[in-house]
> 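Just passing along the structure, written as structure tokens.
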There are 2 protein chains.
Amino acid sequence: MVTVGSPRPSPRPTPRKRTPRAREIIATARSLLEALGRDGLTMRRLGDGLGIRAASLYKHLDGRADLEVALAETGLDEMGVALHAAVARSPEDPVPAVLGAYRATGLAHPELYRLVTAGSFPRARLLPGLEAWAGEPFFLAVHEPYLAQALWSFAHGTMILELDRRFLDGSDPDRAWRAGAAAFDAARVAGRDTAHRARASRQPPEARETAGG
Amino acid sequence: MVTVGSPRPSPRPTPRKRTPRAREIIATARSLLEALGRDGLTMRRLGDGLGIRAASLYKHLDGRADLEVALAETGLDEMGVALHAAVARSPEDPVPAVLGAYRATGLAHPELYRLVTAGSFPRARLLPGLEAWAGEPFFLAVHEPYLAQALWSFAHGTMILELDRRFLDGSDPDRAWRAGAAAFDAARVAGRDTAHRARASRQPPEARETAGG
DNA sequence: GAGGCTAGGCTAACACTGTTAGCCGCTCAG
DNA sequence: CTGAGCGGCTAACAGTGTTAGCCTAGCCTC
């Protein structure tokens, strides 16, 4: 049975309106990105891919930063769709579900994933609310905002380490994912139980917080 | 009391030998990196900072990639020193200790941290064993390789999200760190207990693993 | 149908990037 | 005293994002 106060998913932000030609450009930019990496995706090469000179791209986009924002928005949108579907599909075991979906979409488009999470790009220009919506399933999975952020952090950290092949030689990323999933699932269950007990004794759960440094 | 089979820390890899002038260049490169960010650190600007033309830098370094590797090595070395010291200092509560040390050194040199973990740079050129040594304290903290990798992933993910200010507005990164620390510490204790029980009943712990997808 | 507007291409150019080739003076070892 | 080489220099090249200005084809209005 679903617990009391189970939060509802927010509506998916509507994608930005773009001209057909702009969408065409973004599509080929995406395939170039995945093929050549972020540095390999240059304006001149993108022009080549479209049979156009680089300068002409500026009739459709505000520049490279704008292009990257557009790419990131498609990536975040797809990630959000996948994660929301995952938690909706298995509400009784949501932690492995979100993590599995997160990992799958990251592995499916590594360069796009890297771009979205790059830190160097103009995140402020992103469609407002999009990134929050895409990350919401972590909250829907564990029902506690800071445990959700910690889970999100774990997912991102593991994903990027796997993509960059930074795990030790011969070690299986799968087992790191599973170890983290187990830890966070235990925390989720523990949190749910203390919330129940707290509700029963009319005491807010904050009062039971540990003191940890 | 320390548990049986507590692993010993590996020796710190000795830093690469470099000429005094090269060390000087790396030092000013580091301050420029922190001031201007990775993109802002150009060869010409680095030359300016030393009263030298950019081309002259090539008398001391093999190029920008080499410079970045050198910077990353100092960063990894400092990180390793801090983490090893942290676990050594508090062996009874190692998880918050490593996490705290990780976070502190990341916050102290954000651009250097970003560089080390950037994924675009020639990680293969790093001093062999350095990165593994720097990450070893995570293993020393939880005594299980895959839980250690998960913990490392969590640390990196949280750090980079905090540096990039990707947590939701108004939310306190501190609480995300604490939530994750609690989850992983619980997992560590649970793992230690099952290991004890397994040792008592002469059964390897792998047999008790969950099936999670 | 004629005239004007504009979308969407083009070339040329600018400032900047990392990097290499080749030159030259100073210092120091033999 | 002389040669070597360290460590600077200038000039140049290919590649980057980006802007200015030109031009043409098609459409809309009168």
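Order of the sequence lines fixes the chain letters, A, B, ..., with proteins taken first and strands second; residue numbering starts at 1 for each chain. Since this is a predicted model, take the numbers as computed values, not measurements.
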> Can you give me the closest heavy-atom contact between Leu168(A) and Gln149(B), atom names plus distance?
N-NE2, 3.9 Å
> Any Lys/Arg nitrogen of Arg45(A) or Asp48(A) sitting under 4.0 Å from an Asp/Glu carboxylate oxygen of the other?
no
> Atom CG of Asp66(A) to atom C1' of dT18(D): distance rounded to whole Å?
14 Å
> In whole angstrom, give the distance that lies between atom CG of Leu50(B) and atom C1' of dC9(D).
15 Å
> From the 5' end of DNA chain C to its 3' end, which nucleotides mark the outer limits of contact with chain B, defined by a 4.0 Å heavy-atom distance cut-off (strictly under)?
dT17(C) to dT20(C)
> Grab the CG-C1' distance between Leu67(A) and dT18(D) for me, whole Å please.
14 Å
> So, Tyr146(A) versus Phe139(A), ring centres under 6.0 angstrom or not?
no
> Between Arg64(A) and Glu68(A), does at least one N-O distance fall below 4.0 Å, as a salt bridge requires?
yes
> In terms of side-chain geometry, is the basic nitrogen of Asp172(B) or Arg178(B) positioned less than 4.0 Å from the acidic oxygen of its partner?
no
> Can you tell me how far the CG atom of Leu71(A) sits from the CG atom of Leu115(A), to the nearest 0.5 Å?
6.0 Å
> Taking the nucleotide of DNA chain C with the closest heavy atom to each, which residue, Asp62(B) or Thr42(B), is nearer the 5' end?
Thr42(B)
> First locate atom CD of Glu111(A), then atom CZ of Arg30(A), and finally report the distance between them rounded to the nearest 0.5 Å.
12.0 Å
> Please list residues of residues 53-61 of chain A whose heavy atoms come under 4.0 Å from any atom in DNA chain D, ordered by number; otherwise none.
Ala55(A), Tyr58(A)
> Base, sugar-phosphate alone, or nothing: which one does Arg44(B) contact when heavy atoms must sit under 4.0 Å apart?
base
> Check the distance between dT16(D)'s C1' and Met43(B)'s CE and give it to me in whole angstrom.
17 Å
> With a 4.0 Å cut-off, would you call Arg16(B) and Asp77(B) a salt bridge?
no
